[in-house]
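Data block below; observations after.
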Number of protein chains: 2
Amino acid sequence: MPGTLTIGDFARATHITIKTLRRYHELGLLQPAAIDPSSGYRYYSTDQIPTAQVIRRFRDLDMPTREIAAIVATTDVDARARLIAHHLARLEAQLDQTRAAVASLRRLLEPDPPALVVEHRAAPALLVAAITASVARDDVLDWYSEAMDELRAAVVGSTVTGPAGGLYDNTLFTDDLGQAVVYLPVASPPTTGRVAPFTVPAAELAIVVHRGPHDDIDVTYGQLGSYVARSELTVAGPVREIYLVGPRDTSDASAWRTEIGWPVFRTG
Amino acid sequence: MPGTLTIGDFARATHITIKTLRRYHELGLLQPAAIDPSSGYRYYSTDQIPTAQVIRRFRDLDMPTREIAAIVATTDVDARARLIAHHLARLEAQLDQTRAAVASLRRLLEPDPPALVVEHRAAPALLVAAITASVARDDVLDWYSEAMDELRAAVVGSTVTGPAGGLYDNTLFTDDLGQAVVYLPVASPPTTGRVAPFTVPAAELAIVVHRGPHDDIDVTYGQLGSYVARSELTVAGPVREIYLVGPRDTSDASAWRTEIGWPVFRTG
DNA sequence: CGTGGACCCTCCCCCGCGGGGAGAGTCCAG
DNA sequence: CTGGACTCTCCCCGCGGGGGAGGGTCCACG
């Protein structure tokens with residue numbers, strides 16, 4: 001039959017491996033035009049070559065096969081454009097992340113360990129307006145900025161009595177999933193949507209201030225952690241962060257200040 | 001013991017999951033400072049925190065764990081720098097590839113199918129200086145440029161009687177691995193290093209010329225493949241490419257011309 | 001000093017995307 | 001008709017990581 005290709009011919013025409021073509025078939029990404037019911041042989045049409053090439057391009061861009069399947073299955077031009085745009089946005093984000101990782105690696109390799117100043121403080125209980133949720137670690141940043149927007153919107157009119165902060169469950173770091181709280185201290189916390197009054201409990205804290213963007217914050221965490229271990233202290237409860245200076249205050253990321261508070265009590 | 005952390009403490013201090021720390025241990029990437037022989041408990045030293053953070057940075061940059069292991073195990077600064085530079089080069093290449101894929105995707109989605117001109121030609125046998133090897137598809141580009149440099153060096157003094165070319169086994173496209181030949185036609189082919197005389201066999205060819213950089217070359221292959229299928233022809237032997245205009249001739253990639261020759265014979 | 005709850009252990013299965021290879025069936029030109 | 005090229009399915013492997021079961025360990029509090 002003219003215009004019909006065996007899987008090998010199709011592989012030659014598209015530069016896609018036979019193995020991969022078979023997988024694309026079973027994933028529903030690229031259905032052969034015909035399958036011989038007795039032999040199971042796959043036969044492709046020449047019309048499918050352009051589709052296969054589009055698939056190849058998207059795979060080169062690391063788009064997940066499920067999304068590619070959605071795109072090639074969609075005839076609606078707008079929906080298709082939306083899917084592609086979504087993926088391109090993800091690529092952008094990934095590029096940014098790579099750039100950030102490179103930069104912070106450079107900083108890390110600089111033989112310039114800044115002095116570590118750990119402060120101990122007995123923090124009293126604090127009444128705040130808060131949003132609480134169970135979050136995965138990868139989602140924390142997105143979740144945080146959304147929640148903080150909602151918080152700011154909920155407290156307009158009230159007097160904000162201090163910098164914003166957050167409490168992060170230990171399991172967030174050990175298991176990539178845990179409770180997280182973001183809060184704003186206000187005189188009389190409202191109850192709106194996800195926003196609810198909350199009392200940050202009193203605690204004995206070991207505190208260190210992280211300077212600069214958060215790409216490096218694990219380094220500061222590490223310093224604090226090693227201080228705590230050396231001082232024979234033990235962790236008691238969720239880690240606290242207080243955002244003394246943040247993106248809302250200045251666009252100069254190197255001026256940001258984040259207080260990290262580790263609830264401790266003396267052991268042994 | 002001060003300065004000693006359980007795996008959970010270490011996870012909190014480094015922001016690396018317990019699961020991942022255990023994997024890094026069994027991969028030999030990050031050995032715990034001590035292991036309780038009776039309980040199997042892993043204990044880490046605070047000194048290991050910076051190492052762990054370096055590992056995390058490199059993983060963020062998608063460096064394979066084996067390479068990271070090599071880096072953290074090496075005390076030789078130069079060797080370490082070489083390893084890092086190597087990975088940065090790989091990241092660069094990856095960025096280029098992404099850019100190319102995006103560009104060619106855009107071209108592909110433009111509804112602008114250029115006219116396809118397929119020529120038939122009975123190519124006579126041709127004596128050439130050639131390098132032959134079994135190559136994986138991912139390595140073809142690197143292999144090609146190395147081999148071509150070696151060829152050019154081997155034929156200085158001889159008269160080059162035509163454009164460079166290559167022969168590519170079908171299994172290169174169906175299985176990602178196959179024989180590849182690159183050649184330069186010269187009057188009297190030398191034998192030096194990998195370079196040896198070779199006779200490109202006579203063949204009946206279906207020929208199409210690909211215009212522009214090779215990012216899109218699979219599209220031209222697809223057009224030729226679908227022509228061959230519609231014409232009830234069948235493939236007989238390795239695909240041939242002839243580099244009429246290439247990077248050596250002009251840096252304007254859109255001016256490049258590559259002849260693709262598909263050995264065919266009439267079927268049925 | 002006992003005990004409960006938090007913590008840690010190993011082991012196995014899962015994901016996506018792809019490759020290697022065995023063993024058997026199919027296709028088709030000479 | 002036959003042989004060699006082609007194709008089929010099935011299972012295992014790689015990477016880097018996650019989920020969860022089942023069971024042992026640690027230690028502060030009562």
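Quantities reported herein were computed from a predicted structural model and do not represent experimental measurements. By convention in this document, chain letters (A, B, ...) are assigned in the order of the sequence lines, proteins followed by strands, and residues within each chain are numbered from 1.
- Look at NE2 on A:H25: it is 10 Å from P on D:dC8, rounded to the nearest Å.
- Heavy atoms of B:R137 sit nowhere under 4.0 angstrom from any nucleic acid atom.
- Closest to the side chain of B:P64, from the set C:dG18, D:dC26, D:dG16, is D:dG16.
- Applying the side-chain hydrogen bond (donor to acceptor under 3.5 Å, both in side chains) test to B:T6 and every residue at least two apart in sequence or in another chain returns B:D9.
- Side chain of A:T20, nearest nucleotide from C:dG19, D:dC15, D:dG16: C:dG19.
- The side-chain hydrogen bond (donor to acceptor under 3.5 Å, both in side chains) search around B:T75 returns none, not counting sequence neighbours.
- Residue B:T17 places no side-chain N or O under 4.0 Å from the OP1 or OP2 atom of D:dG17.
- Put simply, CG on A:L29 is 14 Å from C1' on C:dG18, counting in whole angstrom units.
- Separating the CG atom of A:D139 from the P atom of D:dG18 is a distance of 13 Å, rounded to the nearest angstrom.
- For A:Y41, whose side chain is taken as the heavy atoms from C-beta onward, the closest listed nucleotide among D:dC8, C:dG18, D:dC26 is D:dC8.
- The phosphate of D:dC6 (OP1 or OP2) has no side-chain N or O of B:T174 nearer than 4.0 angstrom.
- With hydrogens and angles ignored, a donor-acceptor pair closer than 3.5 Å exists between the side chain of B:R23 and the base of D:dG17.
- Relative to the side chain of A:I7, the nucleotides C:dC9, D:dG16, D:dC8 differ in distance, and D:dC8 lies closest.
- Between A:E67 atom CD and C:dC17 atom C1' the separation is 15 Å, expressed in whole Å.
- Checking the phosphate oxygens (OP1, OP2) of D:dC26, a side-chain nitrogen or oxygen of B:S39 falls inside 4.0 Å.
- Phosphate proximity of C:dG18 to A:Y24: present, with a side-chain N or O under 4.0 Å from OP1 or OP2.
- Summarising the local packing, CZ of B:R99 is surrounded by more than 12 heavy atoms from other residues, nucleotides or ligands at distances under 6.0 Å.
- Aromatic rings of A:F10 and A:Y43 (six-membered ring for Trp) have centroids beyond the 6.0 Å cut-off, not under it.
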Tabulate below the donor-acceptor pairs under 3.5 Å that side-chain atoms of residues 67-74 of chain A make, not counting sequence neighbours, or state none.
from	atom 1	to	atom 2	distance (Å)
A:E67	OE1	A:R90	NH2	3.2
A:E67	OE2	A:R90	NH1	3.3
A:E67	OE2	A:R90	NH2	3.0
A:T74	OG1	A:A70	O	2.4

Which donor-acceptor pairs under 3.5 Å do side chains of residues 137-147 of chain B form with protein atoms, sequence neighbours excluded?
from	atom 1	to	atom 2	distance (Å)
B:R137	NE	B:L172	O	3.2
B:R137	NE	B:D176	OD1	3.0
B:R137	NH1	A:H15	O	3.4
B:R137	NH2	A:H15	O	2.8
B:R137	NH2	B:D176	OD1	3.2
B:S145	OG	B:L141	O	3.4
B:S145	OG	B:D142	O	3.1

Report all interatomic pairs (protein N or O, nucleotide N or O of nucleotides 21-23 of chain C) with separations under 3.5 Å.
from	atom 1	to	atom 2	distance (Å)
C:dG21	O6	A:K19	NZ	2.3

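- Between D:dG18, D:dT7, D:dC15, one nucleotide has an atom nearer to the side chain of A:T6 than all others, and that is D:dT7.
- With sequence neighbours excluded, the residues forming a side-chain hydrogen bond (donor to acceptor under 3.5 Å, both in side chains) with A:D36 are A:S38, listed by chain and number.
- Checking side-chain atoms of A:T4 against main-chain N and O of A:S45 turns up no donor-acceptor pair under 3.5 Å.
- The phosphate of C:dC8 has neither OP1 nor OP2 within less than 4.0 Å of any side-chain N or O from B:R42.
- Side-chain proximity of A:I18 to the nucleotides D:dG16, C:dC8, D:dT7 is greatest for D:dT7.
- Summarising the geometry, the separation between CG on A:D169 and C1' on C:dA6 is reported as 13 Å, rounded to the nearest angstrom.
- Between the CG atom of B:L61 and the C1' atom of D:dG16 there is a distance of 15 Å, given to the nearest Å.
- Rounding to whole angstrom units, CG of residue A:L5 and C1' of C:dC27 are separated by 16 Å.
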